[in-house]
Every structure is written in structure tokens, then in C-alpha cells.
Amino acid sequence: MNLRYLPVIGLVAVVAAQAQPVPNAAVNALGTNLDAVVDFSPQMPFVDLFKASRPWYGQADGTFDTNEANLLDLDAQGWVRTLNLRPGVATLVAPRFTRICTLLMSMGPVNGGPVAGQLPYPAGQYVVRYEGQGTLVYSLAARKNTALSAPGRDVLDVTPAEPGFQICITATSAAAPLRNIRVYAPGTEALADAGEVFSPGFVQRLQHFSVLRFMDWQHTNNATQGATALRALPTDARYSTTELGVSAETMADLAAKTGAIAWFNMPQPATDAWVRAFATAALARLPAQRPVIVEYSNEIWNDLFSQGRALEAEGVARFAGAAGSNFDKRLSRYGERAAEICRVWRSAAAPNPERIRCVMAGQAANTYIAETALNCPLSPQRPCKNAGFVALAIAPYIGDHVGLPQNIATVQGWAAQGPAGMANLFNELINGGTLAGTEGSLATMERRVLAHATLARAQGVALYAYEGGQHLAGIGAAQSNTAINTLMDAANRDERMGSLYTSMLATWAAAGGDLFAHFSDIGSQSRFGRWGALELPTQASAPKHDALVRVGRVAYQRRSACLMSWAERTLPSVFDSAVPQRGTLQGFDYRLYPSGHALATTQLGHRVWALGPLTGGSLRELGVLTDFAVTAACN
């Protein structure tokens with residue numbers, strides 16, 4: 001079939017406004033968490049690499065970082081104003097720094113597997129563009145090509161090496177300080193000039209996911225933002241600052257570009273005014289019918305983070321004298337505040353508040369946390385689930401028990417056994433029963449999902465996974481055990497890990513789970529964990545990634561088929577469902593009808609298309625699958 005005769009979905013748009021959605025069984029959806037925007041992440045999501053650069057640090061000869069970042073004179077957007085101390089700093093000693101620097105792409109090479117030794121950024125000529133007057137000095141992996149450089153535009157010869165390359169400001173004009181520094185990898189300057197914000201490779205890697213969870217992009221854990229009106233803006237110098245993270249506008253733009261649903265985490269200290277400003281900014285950049293998932297904070301039960309302790313303090317004060325433990329008061333306060341934030345979002349989304357899908361998170365190990373938060377029994381707002389919550393969410397990880405200190409001897413023994421030891425590890429991940437604390441096996445995950453699915457049905461909500469995947473990471477002494485780390489690294493590169501992921505996602509769906517947001521899209525393997533589906537942006541294949549791609553493809557196809565079937569029921573005279581020709585061609589999944597019309601979707605960008613007599617015989621893009629699927633009840 002010639003592509004110009006390939007029909008695609010367009011006519012659905014003509015009738016979507018008048019047609020009533022047809023009820024449809026729930027369709028499994030696959031999402032992903034995004035790795036944090038930091039200089040050591042291999043994600044490289046932005047065309048402008050400076051957006052992920054390290055926050056400014058002071059430097060002196062012989063001292064890489066003088067630890068005086070809090071003394072630097074920066075403007076509201078994060079650009080250096082002077083090389084002096086910031087106004088208002090009282091100090092009895094002179095500053096030690098003589099220049100102000102940042103570091104880009106400081107990630108180390110992959111430590112094993114099929115891409116061992118590789119770094120995630122390419123060699124070649126990079127371009128640095130800037131405004132203002134002063135002196136920029138480049139070092140480590142970068143050298144300035146003086147012959148090709150001109151004021152406002154430096155060309156760098158970059159040979160990838162650890163720890164990346166450094167940019168230092170050694171002089172800057174008080175009248176026109178250096179600012180708006182942008183860094184482009186080879187061949188990407190034209191993309192920036194064309195207005196592209198996101199790396200094409202990054203966007204393409206996300207095509208398999210219908211939901212993007214921005215928890216780490218927002219620096220949700222231990223958050224300090226939200227207590228004042230200050231929030232991240234697209235014009236900020238960088239998005240890697242621990243205080244603010246990535247702007248609402250930028251995250252919404254990514255969701256709009258990829259056709260995905262955005263999952264936002266509101267920081268624990270956030271005021272109503274801050275939440276409303278964030279919601280207003282995000283909703284203004286998203287299609288009017290696009291759903292948005294909203295979660296308050298992250299893992300408030302987990303005392304590794306400050307947010308749970310802060311909510312407990314609020315709960316103890318607010319519910320003083322009420323029955324129950326301090327932890328009970330934490331949970332009721334969490335549910336109450338989550339309900340208040342949900343109402344703010346739904347108000348901001350008027351006249352279509354139903355597009356806001358609020359989520360209450362629990363803990364996979366028990367149902368008590370989610371149930372208590374949903375019902376918030378100590379709050380006057382009880383039950384808090386009535387504020388607009390559509391789901392409870394848990395993190396069904398596998399293997400978190402393997403790295404416990406009490407299992408060091410056994411797991412280290414497996415590491416010395418070669419293939420037999422690896423087989424023992426995967427048997428443990430699937431069945432459990434050998435190691436102490438066997439709550440991390442696939443079998444245990446199934447029991448936990450079943451329990452939460454039962455709770456979700458009783459509470460009238462769906463069951464989501466806010467995170468999930470393998471959880472092979474050492475704890476305590478196991479974290480620094482070379483043999484155990486080598487075994488865990490190899491397990492994540494083993495084809496059996498892909499099979500485990502396939503089984504995990506099938507188990508999740510069969511037990512009653514709906515949306516599953518994997519943790520996470522990409523990341524380097526280290527003793528702190530092996531979270532990324534990929535280790536490098538240049539990787540075409542990896543066991544976890546390949547399993548997710550297969551599942552994501554099926555989820556997309558099911559949603560596409562649901563939408564096409566809805567169109568056939570809605571306009572049977574145009575889309576005669578009796579004898580459509582079905583197939584895939586050049587990335588299009590299509591149905592061709594006897595009437596000469598066709599419907600099609602593409603997974604890249606989750607786009608919807610039409611072709612036929614009513615489109616004048618031309619291929620017409622009509623919008624995003626996610627948005628049409630709302631009308632068709634296919635989300």
C-alpha cells in the first residue's frame with residue numbers, strides 16, 4: 001500500500017463533540033518516572049545542555065570547590081552578577097574563590113556490560129552561546145577553538161572524558177554581566193534556533209510511555225519550594241537546582257509534545273497560592289481535554305525524606321487530643337492536605353475539573369496507609385477520597401530484600417558461583433524463600449497487588465503504581481560489597497531480567513493493577529541502585545528497556561484499537577467495521593474501510609490521523625491519541 005493512500009483518523013474529530021463516550025473496559029497503561037535533571041545523569045533531555053549543568057560553585061587554584069555556593073552573587077534567574085560576595089553577606093574573612101564555575105556531563109563511563117567504558121555524550125565541536133561581556137574559560141574535556149570562536153559564540157573541541165567539561169567565569173562586566181549561556185552538542189544548534197527545547201532522541205525514547213511522572217524533575221523529596229511564591233520558570237539559568245527543579249511550563253510542554261499524560265507531584269510545603277500558580281501555568285500549556293495526574297508529595301510514610309516528618313508534626317498539632325498514634329495523625333493530615341490540593345487543581349481546571357485525576361499514595365507492604373489516607377478519619381474533611389481521587393498508588397518493587405545486611409553472606413556466595421549463582425538470584429526474585437526478609441519476590445508482589453486491588457475496589461478507585469521495577473541495591477555494608485554490586489549489575493543486564501519484567505507487568509495487570517509507572521527511564525548503574533531501563537541514551541537495546549517497549553507497544557495498540565472501534569460505532573456509515581483492512585505501515589497502525597476512508601495512529605507522539613474523501617484525499621493529522629481517547633473512554 002502506498003503511504004498516500006493510508007487512511008488516518010480525522011473524521012472522529014468532526015463527531016467527537018456530539019458523540020457520547022461508549023463505556024469500555026479498562027486498558028492497561030504504561031508510564032515512566034524521569035531521572036532527575038542533574039549534571040551526572042545520562043538522560044540529556046534538553047537541546048541546551050546548560051539546563052542540566054551543576055549549580056555554580058566557587059573555585060580557586062588548587063581547590064575544585066571552595067564550598068561557598070551560598071555566598072555567590074546571583075540574580076533571580078541564577079546568572080552570575082559579579083565575582084563578589086552577594087549583597088548582605090556578613091563575613092569576617094575574604095572569599096576564597098577567584099572564579100565561578102559549573103560542570104556539564106559529569107557522569108562516569110558505564111561500568112560493565114555491552115557498552116562498558118562508554119560515556120553518554122559525543123565527541124566533536126560543541127557551541128556555547130552567551131550574552132554580556134566577560135571571560136569564559138573551558139577545561140577538562142573541552143578546549144576552546146579560538147579560530148572558530150567569536151564574541152557571543154564559542155566553539156569547543158570536546159573529547160569525552162571524566163568528569164565532563166567545566167565552564168568558569170573568570171571576569172564579568174558589572175554593566176553587562178555574562179548570562180543566558182547555552183551549550184549545544186554537535187549538530188544541535190540549528191534545532192535550538194528552530195525553537196526545539198527537547199532532544200529528539202529523548203523524545204523518541206519516551207514514545208513507549210503514555211504517562212510521564214515528574215517526581216524527580218520537581219525535586220519532590222525533601223522539597224523546600226512552595227512555602228513562598230517562588231517557583232521554577234522556563235527562563236531559569238538551569239533546572240538542576242535543588243530548590244526548584246524544572247518549571248511547570250517545561251514539563252507540560254514535554255507532555256504535550258510526546259502526547260503523554262503528565263503526573264505532577266506537589267511539594268509538601270506548597271501553599272494553595274503556589275499550587276494554583278503551578279496548576280494554571282501547566283494547564284495553559286496542555287490541550288484542554290488532556291488528563292493530568294496530581295499527587296501530593298512522595299512517600300510520606302518514608303522517614304528517609306523530610307516531607308513525612310513535617311506532615312506528622314502538622315498532624316500532631318492539628319489533631320491534638322485525638323485518638324491514635326502520631327503516625328495515624330500524619331496519615332490523616334496527608335489525606336487532608338492532599339484533598340485540599342486536589343480541590344485547588346480542580347478549581348484551576350474549570351470548566352473541566354474531571355480532567356484532574358488525583359492520586360493518594362500508599363505503601364506496597366500494607367494497605368493501612370492508603371486506606372487511612374483516603375478516609376482521613378481524624379480530619380473534618382473525611383473521607384478525603386471524595387475530593388476527586390481516582391486512584392490509590394503503590395510502588396510494587398521486586399528484590400528490595402536481596403541487599404539487606406543479613407543476606408550478605410548468601411548473596412556474596414552466589415556471586416562466586418558464576419551461572420549457578422545468577423540462577424539462584426533469579427529464583428529468589430521470582431519465588432523468594434531463600435533469603436531473609438523475602439518480601440521482595442514476584443510472588444510477594446502479587447499478594448500485595450491483590451490486597452491493594454481489593455482495597456481500591458472497596459474505595460471506588462483504581463490502582464496505580466507510582467513507581468516499580470527491580471530494586472537490587474545494597475543496604476548498609478552490602479552497598480559497598482564489590483562482589484554483590486557486580487552480581488546486581490550483571491543481573492540487570494541479563495536477559496532473564498527482561499523476562500522478569502514481562503512477568504511482573506503481566507502479574508500487575510492480572511491482579512487488578514491499572515497504570516504502571518516504571519522507575520525510571522534512564523540511569524547509570526552504581527552501588528546506589530540500577531534504576532534506569534537504559535544506561536546510555538545511545539543504547540538501542542537492554543533487557544528491561546526491551547520488555548517495557550513490548551508492553552508499551554501492546555498498551556498503545558489496545559488504546560488505538562479501542563479508539564478505532566469507538567469511531568466505527570459512532571460513524572458506521574463512514575467507518576464500516578464489517579470488512580476493514582488492518583495493518584501497520586511506516587509507523588502507522590491503520591484501518592482502511594470500503595468507503596475509502598481510513599483511521600490511523602502513530603506511537604511516536606501518540607498522534608491520530610485521517611485520510612479519505614472527507615479530507616480531500618490528503619493525509620491529515622488531527623491531534624493526540626490521548627486526547628481523543630478521553631472522549632472514547634479509552635484512557
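This chain uses plain numbering: 1 for the first residue, then up along the sequence.
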Requested in this report: Could you tell me whether D65 and R54 make a salt bridge, using a distance below 4.0 angstrom between a side-chain N and a carboxylate O?
Outcome: no
Query raised in the report: What residues form a side chain to side chain contact (heavy atoms under 4.5 Å, CB included) with S480, not counting sequence neighbours?
Result: R527
**Report entry** Side-chain ion pair, E249 and R231, N-O less than 4.0 Å
**Finding:** yes
Query raised in the report: Does R285 have any salt bridge (Lys or Arg N to Asp or Glu O under 4.0 Å) partners at least two apart in sequence or in another chain, and if so, which?
Result: D253
Query raised in the report: Cut-off 3.5 Å, side chains only: do S379 and E336 have a donor facing an acceptor?
Result: yes
Query raised in the report: What is the minimum heavy-atom distance between W263 and L515, and which atoms define it?
Result: CZ3-CD2, 3.7 Å
Query raised in the report: Okay, side chain of S53, backbone of L103: is any donor-acceptor separation there less than 3.5 Å?
Result: no
Report task. Give the C-alpha distance, both sets of side-chain angles, the deciding distance and a yes or no for side-chain hydrogen bond (donor to acceptor under 3.5 Å, both in side chains) between E340 and Q381. Result -> CA-CA 9 Å; E340 293 166 354; Q381 300 183 40; 2.8 Å; yes
Query raised in the report: Would you call D73 and R86 a salt bridge, using N to O less than 4.0 angstrom?
Result: no
Requested in this report: Side-chain contact test, heavy atoms from C-beta onward, threshold under 4.5 Å: evaluate it for T258 versus F209 and give yes or no.
Outcome: no
Query raised in the report: Can the positive tip of R238 be found less than 6.0 Å from the middle of the six-membered ring of W56, inside 45° of the ring normal?
Result: yes
Report task. Take W217 and F46, measure what ring-ring contact (aromatic ring centres under 6.0 Å, His included) needs, and give me the verdict at the end. Result -> CA-CA 13 Å; W217 273 34; F46 305 111; 5.5 Å; yes
Query raised in the report: With side chains defined as the heavy atoms from C-beta onward, is the minimum distance between R355 and R290 less than 4.5 Å?
Result: yes
Report task. Mind running side-chain hydrogen bond (donor to acceptor under 3.5 Å, both in side chains) on Y466 and E299 for me, showing each step along the way? Result -> CA-CA 10 Å; Y466 66 84; E299 292 192 355; 2.9 Å; yes
Query raised in the report: Do I356 and C358 come close enough that some side-chain heavy atom pair is under 4.5 Å?
Result: yes
Query - Side-chain heavy-atom pair V292, F264 within 4.5 angstrom cut-off - result: yes
Query raised in the report: Do R330 and E314 meet the salt-bridge criterion of a basic N to acidic O distance under 4.0 Å?
Result: no
**Report entry** Intermediate values then yes/no, side-chain hydrogen bond (donor to acceptor under 3.5 Å, both in side chains), N33 and E467
**Finding:** CA-CA 7 Å; N33 284 260; E467 293 177 13; 5.4 Å; no
Requested in this report: Answer yes or no: is there an ion pair linking E312 with R309, defined by an N-O contact shorter than 4.0 Å?
Outcome: no
Query raised in the report: Which pair of heavy atoms, one from G513 and one from V449, lies closest together, and at what distance?
Result: N-CG1, 4.4 Å
Query raised in the report: Any side-chain heavy atom of E295 within less than 4.5 Å of one from R213?
Result: yes
**Report entry** F198, CZ: over 12 other non-hydrogen atoms inside 6.0 angstrom
**Finding:** yes
